[in-house]
Structure formats: structure tokens, C-alpha cells
Undergrad: 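Pasting a structure here, questions to come.
As the structure lists them, so they are numbered: ligands from 1, and atoms in each ligand from 1.
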Amino acid sequence: MITTPICDMLGIEYPIFQGGMAWIADSQLAAAVSNAGGLGIIAAMNANADWLREQIHQARSLTDKPFGVNIMLMSPFADEVAQLVIDEKVPVVVTGAGNPSKYIKAWKAAGIKVIPVVASVALARMVEKRGADAVIAEGGESGGHVGDLTTMTLVPQVVDAVKIPVLAAGGIADGRGIAAAFMLGAQGVQVGTRFLVATECNVHPTYKAWVLKAKDIDTMVTGRRLGHPVRAIRNPFTREYLKKEYNSNVSDEELERMGTGSLRKAAVEGNEEEGTFLAGQAAAMVTKEQPAKEIVTEMFAQAEEVLKGATKWLK
Ligand code: TUI
């Protein structure tokens, strides 16, 4: 049985978080992962407090276990959802796509465990100083908004830079990835893409099909020109977008218009012509839909096997 101090800190059984995937990670997926012994996370994404309140209440009706809320800091509703998690006494808050420093004091005062996603050593150090309880070091193999560093280089550097627990994210979809994360000094992992195809995940079936059929080089990063790089599955829409990014005759406004709503179109409508199917490089390692419980137990059983055999090359 693999357990680390982060499990005791949060009252969970396995040191695995489910990524707060926008338009995808709802109360049903979060509750399924929490019931499986991991930490399920509801994505607040660009939604307002009313939507999130309902999701939190639904999650509470589906599980007695702890779960978290992911606050996407670029959201126009970040301030109101930051207050809502206090009012609702959500046990864990994960942040993404920005610097959460200005919220940490209020969250800590409310007894919330605060776990920012960081893509750099500098931000890891800063949030530790402001009182974060742990950090998730996310490499650019991940889906969605990506930083520049890889998981392999970022995780050990963050581990060396802070004293709080570090979780690894980006490119982790099986037990080998969990074992590797431990080797790099992490106490646990956050997994997005593999949970996207969980049976309990309500994303459009077309989205799941794109992830399931993705091969090794089928994801790409777009959005660098506007400063918000995102990794998604290569399809006619993302190819066209990338072409326009490199075309100086195309205005920033046109790019902005093209991107707006494209994730909703993918996740809710399964729109293959105008949708951005965000997914990590690990999509290629995700080959079947299965219940969240099975995903968690399979991943940790494999991690244990891998760790037991980890010295096989040593003389
Ligand atoms: O946030 C994510 N992944 C996301 S957010 C998202 S919604 C979105 N849609 C379109 C464009 C942009 C976002 C989809 N996927 N992961 C966590 C993460 N955070 N990755 C990288 C970062 C990050 C990057 C820069 C965190 C902080 C940061 O700079 C902080 C600063 O100093 O301001």
C-alpha cells in the first residue's frame, strides 16, 4: 500500500489528485475519484459562484470523502469563487494559470488546504512563503495551459526549492509515472487525461474518442502568440489556428475570436470542426474507458510492482 504524508494531511487513501479540467471535471467525476480514495477536484474554470455552489452541493450528496475545487485564476469570476470556497468550507483548493498569493491568507484563515499548481521554481518559492500547504509541479507534457519546463526537470528543482510537499503532474497516466514521480522526490501525482476517459466523466463521447485514439505525437501547443499556450489534440481546427498564429496578416483579435468557446464546443458538443480538445501527451497512453476506482487501483498496483523491480538494472 503506497501512502505518503500528503494522504494524512488531506484525509485521502492514495496520493493522487484528479486534474481540475475545465468543462470536464464536474461534481460527478470529482466524487467518483474521491470515493476511489484519491482527491477528486471540481473545476471552477470560467463559471460563476452560483454554478460552483451547485456543483459543491452535488459532490457532497455523492461522497462523504474530501474533495477539492480548482480555481483557474484567469477566470473573470476568480474573486467570487475564491470567496465561495470559504463560505462553503471546501477542504482543498488547487489553483492554476496564475499566481494565487493574494487569496492565500483568507483561505488559510478559513482552514482550507491550499495547493497551487506551479510551472516554475520562482512561483513555488513564493507560494510557500505566502503559506501554501503543498504545490503541484506541472510539466509541459500536461494538457491545457502549459509552462515551458518538462515534468522531469521541473519536479526535482521544485523539490529542492521548497520544504512543503510536492506533487508531480504532466505526462503521468500509469503506475510507471507514479513510481517515477516518487523517484524525483514528489509525494504524489495529479492526473488529468486518464481521468477524462473515466466512466463517470460526463465529457462528450467524441472527446473521449479523440483521447482514446491519440498516438504519441498527436498533441500540439497553440496560443503562444497571445501568451496563453495550451496543449490540445491535433485536429483540423488546431492546425488551422496554428497556421493563423504564424500569419502576421491575421490579427490578435481574430485569433482571440477563434479560440473563444472552443473548449466548450469540444467538451459539451463534441464539435470536431470548431472544438479544442485539450489533452496531455499521455493521451497516447490512455487506451480504455474504465471506472475511476479501477483507474486508481490499477495505477497504484502497477506503481508498487515497478518500485519493487526498480533495482533490476543495478549490479
Ligand atoms: O491551469 C492549468 N491548466 C489549464 S487552465 C485552462 S483554461 C484556459 N483556457 C484557455 C487559455 C488559458 C487557460 C486549461 N488548462 N494548469 C496549471 C498551470 N498553471 N499550468 C501552468 C500554470 C502557470 C503558468 C504561469 C501558473 C502560474 C503562472 O504564472 C504565474 C505568475 O507569475 O503570474
Undergrad: Could you pull out all residues at least two apart from R194 that satisfy salt bridge (charged side-chain N to carboxylate O under 4.0 Å, His left out)?
TA: E298

Undergrad: Quick check against the 3.5 Å criterion: does Q302 have a side-chain atom that pairs as donor or acceptor with the backbone of D174?
TA: no

Undergrad: Just to confirm my output: which protein heavy-atom neighbour is closest to atom 17 (C) of ligand 1, and how far is it?
TA: V117 CG1, 3.2 Å

Undergrad: Could you tell me the residue and atom name of the protein heavy atom closest to atom 11 (C) of ligand 1, and the distance to it rounded to 0.1 Å?
TA: V230 CG1, 3.8 Å

Undergrad: Considering distance alone, does some N or O of V118 sit under 3.5 Å from an N or O of ligand 1?
TA: no

Undergrad: Which option wins on minimum heavy-atom distance to atom 5 (S) of ligand 1: R231, H145, M126?
TA: H145

Undergrad: Give me the residue, atom name and distance of the protein heavy atom closest to atom 20 (N) of ligand 1.
TA: E138 OE2, 3.1 Å

Undergrad: Once rounded to the nearest 0.5 Å, what's the spacing between atom CZ of F182 and atom CD1 of I2?
TA: 5.0 Å

Undergrad: Taking the inter-plane angle between the rings of Y103 and W107 on a 0 to 90° scale, is it parallel (under 30°), tilted (30 to 60°) or perpendicular (over 60°)?
TA: parallel

Undergrad: For the CG atom on D148, are there more than 12 heavy atoms of other groups (residues, nucleotides or ligands in this structure) within a distance under 6.0 Å?
TA: no

Undergrad: How far apart are the closest heavy atoms of A198 and L29, and which atoms are they?
TA: CB-CD1, 3.9 Å

Undergrad: Can you pull out every salt bridge (charged side-chain N to carboxylate O under 4.0 Å, His left out) where at least one residue sits in residues 259-281? Sequence neighbours excluded, please.
TA: R264-E269, K265-E274

Undergrad: Angle class for the H145/H228 ring planes (parallel below 30°, perpendicular above 60°, tilted otherwise)?
TA: tilted

Undergrad: Just to check, does L123 reach to within less than 4.0 Å of ligand 1 when the distance is taken from its heavy atoms?
TA: yes

Undergrad: Between the side chains of Q281 and T219, does any donor sit under 3.5 Å from an acceptor?
TA: no

Undergrad: Using a strict cut-off of 4.0 Å, indicate which atoms of ligand 1 neighbour a heavy atom of G144.
TA: 14 (C), 15 (N)

Undergrad: Is the contact between M74 and ligand 1 made by the side chain, the backbone, both, or neither, using heavy atoms and a 4.0 Å cut-off?
TA: side chain

Undergrad: For atom 26 (C) of ligand 1, what's the nearest protein heavy atom and its distance?
TA: G98 N, 3.4 Å

Undergrad: Among all protein heavy atoms, pick out the one at the shortest distance from atom 7 (S) of ligand 1; state its residue, atom name and that distance to 0.1 Å.
TA: M72 CE, 3.8 Å

Undergrad: Would you mind telling me if ligand 1 is within reach of the side chain of M21, the backbone, both or neither, using heavy atoms under 4.0 Å?
TA: neither

Undergrad: Which heavy atom of the protein is the closest neighbour of atom 1 (O) of ligand 1, given with residue, atom name and distance?
TA: A97 N, 3.3 Å

Undergrad: Any protein heavy atom at under 4.0 Å, with atom 9 (N) of ligand 1 as the reference point?
TA: no

Undergrad: For atom 31 (C) of ligand 1, what's the nearest protein heavy atom and its distance?
TA: N99 CB, 3.9 Å

